[in-house]
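Below is one structure, written out as structure tokens, with a few remarks after it.
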Amino acid sequence: MFSDVFWLMIAIFVTLTINNANSANILCLMGTPSSSHHIWNKSIMRALADRGNNLTILTVEIERSTKNMHFIHMENVYDAIYEQFTSDENNDLTNKHAYKTITLLYRLYSFAGRQIVETAGAKQLLDYPIDFQFDAIIHDFTQSPVLLGFVHRFGYPPLISVSPYGIPPYTYALAQVPMFPSYTPHAIGTFTNQMGFYERIRNWSYYFYDWVYRRFVHMANENRKAKKLFGALSPSLESIESMTELVLVNIDFSFDYPQVLPPNVIPVAGLQVNRTEKPDQSVDLFLKKSTRGAIYFSLGSAVQTSSNGALIRTFLEAVRQLKEFNFILQLEVQERSSFPPNVLVREWLPQNRILAHPNTKLFITHGGRLSVQEAIWHGVCMLGVPFRLDHQQNMVKVTQHGIGEYLDVRNITTELLVDTIRTIIESNR
């Protein structure tokens, strides 16, 4: 799974797509405000830059330009989203109500698009000379279709669409991916690929609602933004996204559910697992000393531990009862005096290095796609506490494959945590 053959596939397909593989000018449109998306996308961009291509990267992330990688920052998008979507009403992207979740998700996408078109970064790219040549454009199509106006702006170079978010339901708009709701669960739902009749009807209704909302509400809003940024004569975004020549998606059928894909949709799962991370001597030493086993806890970049105080308190009480293990915790707030000596706390941790260490016995995770893939790659069992979007479906797959368990984040108790952690570790010794 996730072998280096995928790097070869990327190199081959991108080489065939762009005009000059040795020193191509490539525009990367990265408007999805997500650190995990940036990590995955950067793996592709770094590989292209290392092969001598020149990349211009329009992104919401703050990055320092390096050789062959010129970053244009779209400022304040994260801050605006956090300010707008911190209320319980706007931040409830759980799987409790699928239709509400789909609606809120598109509202988030639309809000992010409104911020993007007003940024100095977007306008800076728009001010490039009218005859500036790009040999290819790479677009993270998970969000921000408004950025596709740059395909028209720069004379329609080949369009390559990528998604760290598996295969979004709207991939059909890019590559004629057929939808089979009878056996392909919607990412927002909690169904498996073994659905009964009633579940298939519900799953079909999720796809249908998603299709209607995106086509008649979301894309209409995005087209209005595109007209504002690129001019009244700019073509529809639907016509541009349908020009996609290659789609790279973060899935692997050894883990994900089977799905019919056309030849230009290529699964390239786990591109981020071999990324380089800076060593942390204190973490490395702590792991080396954890001869009885270390347990790693992280809710990723999309879930704020400071907003989930009850869960963290429950987890810390479980830690105090599990004195035989060492714990490495990724938490936003550090109050070192309140943690026992078998606990190491950091605001950010080198996840790949920790999961690769032989003393790491368990990964307690929110169930994000990248985290699950990295645990699988390194052979570490998982205990999931899924929060929203595809987290629960990812953990359902983990359970189906026998490589972990998951708990309902709304009903976790200290006793349940302690028993589940011990059961998983003992069963995998």
Side-chain angles (χ1 to χ4, degrees), residues 34-36 88 91-98 101 165-166 185 187-192 255 293-322 325-333 339 343-349 351 354-355 360-376 378 380-428:
S34 166
S35 297
S36 58
D88 290 340
N91 195 36
D92 187 10
L93 294 172
T94 63
N95 302 90
K96 292 183 293 184
H97 307 288
T101 300
Y165 185 62
I188 298 302
T190 58
F191 302 136
T192 71
F255 175 75
I295 297 173
Y296 170 49
F297 172 93
S298 171
L299 300 182
S301 60
V303 179
Q304 294 179 312
T305 56
S306 58
S307 301
N308 293 277
L311 172 64
I312 300 304
R313 287 191 294 272
T314 300
F315 179 73
L316 291 177
E317 184 58 36
V319 167
R320 293 184 177 91
Q321 297 184 29
L322 292 163
F325 302 111
N326 284 348
F327 287 84
I328 303 176
L329 315 181
Q330 181 168 297
L331 299 176
E332 294 167 33
V333 179
F339 296 116
V343 175
L344 177 68
V345 180
R346 292 285 186 275
E347 291 188 6
W348 190 258
L349 287 161
Q351 181 161 295
I354 294 172
L355 293 175
T360 302
K361 304 302 181 184
L362 179 66
F363 180 21
I364 301 178
T365 173
H366 65 305
R369 178 168 287 269
L370 269 61
S371 292
V372 168
Q373 290 172 340
E374 289 165 11
I376 293 173
H378 295 294
V380 178
C381 288
M382 287 166 272
L383 171 57
V385 283
F387 279 78
R388 58 176 72 101
L389 300 178
D390 65 335
H391 298 171
Q392 184 161 340
Q393 191 176 104
N394 292 335
M395 291 311 304
V396 166
K397 295 174 187 175
V398 166
T399 302
Q400 285 183 308
H401 286 284
I403 52 180
E405 301 287 343
Y406 73 94
L407 301 174
D408 187 338
V409 70
R410 294 164 293 182
N411 299 310
I412 290 179
T413 64
T414 300
E415 293 74 18
L416 182 59
L417 264 175
V418 171
D419 290 344
T420 306
I421 289 171
R422 283 191 170 135
T423 299
I424 294 176
I425 293 179
E426 288 300 324
S427 63
N428 288 279

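On a predicted model such as this, the values are computed, not experimentally measured, just so you know. Positions are given from 1, in the same order as the sequence printed here.
Remark: Gln393 CD to Tyr406 OH distance equals 10.5 Å, nearest 0.5 Å. In this structure, OG1 in Thr360 is found 10.5 Å from CG in Asn326, a value given to the nearest 0.5 Å. Considering CG of Leu322 and CD1 of Ile425, their distance stands at 7.5 Å, rounded to 0.5 Å. In this structure, CZ on Phe327 lies 5.0 Å from CD1 on Ile421, to the nearest 0.5 angstrom. Here CD of Glu317 is found 8.5 Å from CD of Glu415. Values are rounded to the nearest 0.5 Å. Atom CD1 of Ile328 sits about 12.0 Å away from atom CD1 of Ile364, to the nearest 0.5 Å.
Of the possible donor and acceptor atoms, one in the side chain of Ser427 sits under 3.5 Å from a partner among the backbone N and O of Ile424. Distance alone, capped at 3.5 Å, places no donor-acceptor pair between the Ser298 side chain and the Gln330 backbone. Distance alone, capped at 3.5 Å, is enough to place a donor-acceptor pair between the Thr314 side chain and the Ala310 backbone. The main-chain N or O of Ala187 is never found under 3.5 Å from a side-chain atom of Asp390 such that the two would form a donor-acceptor pair.
Scored by the side-chain hydrogen bond (donor to acceptor under 3.5 Å, both in side chains) test, Gln400 finds Tyr257 as partners (sequence neighbours excluded). Checked against side-chain hydrogen bond (donor to acceptor under 3.5 Å, both in side chains), Tyr296 has the following partners two or more places apart in sequence or in another chain: Gln351.
Contact detail for Leu355 and His378: the closest heavy-atom pair is O-CB, 3.3 Å. Counting all heavy atoms, side chain and backbone alike, Ser371 lies closest to Thr365 at CB-OG1, 3.7 Å. Between His391 and His366, the closest heavy-atom pair is CB-O, 3.3 Å. Closest non-hydrogen pair, Met395 versus Glu405, comes out as CE-O, 3.5 Å. Here the shortest heavy-atom pairing between His401 and Phe255 reads NE2-O, 3.1 Å.
At least one side-chain heavy atom of Val385 sits under 4.5 Å from a side-chain heavy atom of Leu299. The shortest side-chain heavy-atom distance between Met382 and Ile376 falls under the 4.5 Å cut-off. The shortest side-chain heavy-atom distance between Val319 and Phe325 does not fall under the 4.5 Å cut-off. Side-chain atoms of Asn394 and Val398, non-hydrogen and from C-beta on, never get closer than 4.5 Å to each other. Looking only at side-chain heavy atoms (C-beta outward), Leu383 and Leu417 come within less than 4.5 Å of each other. Considering only heavy atoms from C-beta on, Phe387 comes within 4.5 Å of Val409 through its side chain.
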* Under the side-chain contact (heavy atoms from CB on, under 4.5 Å) rule, what do Val396 and Thr190 come out as? Steps first, then yes or no, please. => CA-CA 8 Å; Val396 166; Thr190 58; 5.8 Å; no
* Evaluate the side-chain contact (heavy atoms from CB on, under 4.5 Å) criterion for residues Leu329 and Val343: first the C-alpha distance (whole Å), next the side-chain angles of each, then the deciding distance (0.1 Å), finally the verdict. => CA-CA 7 Å; Leu329 315 181; Val343 175; 3.5 Å; yes
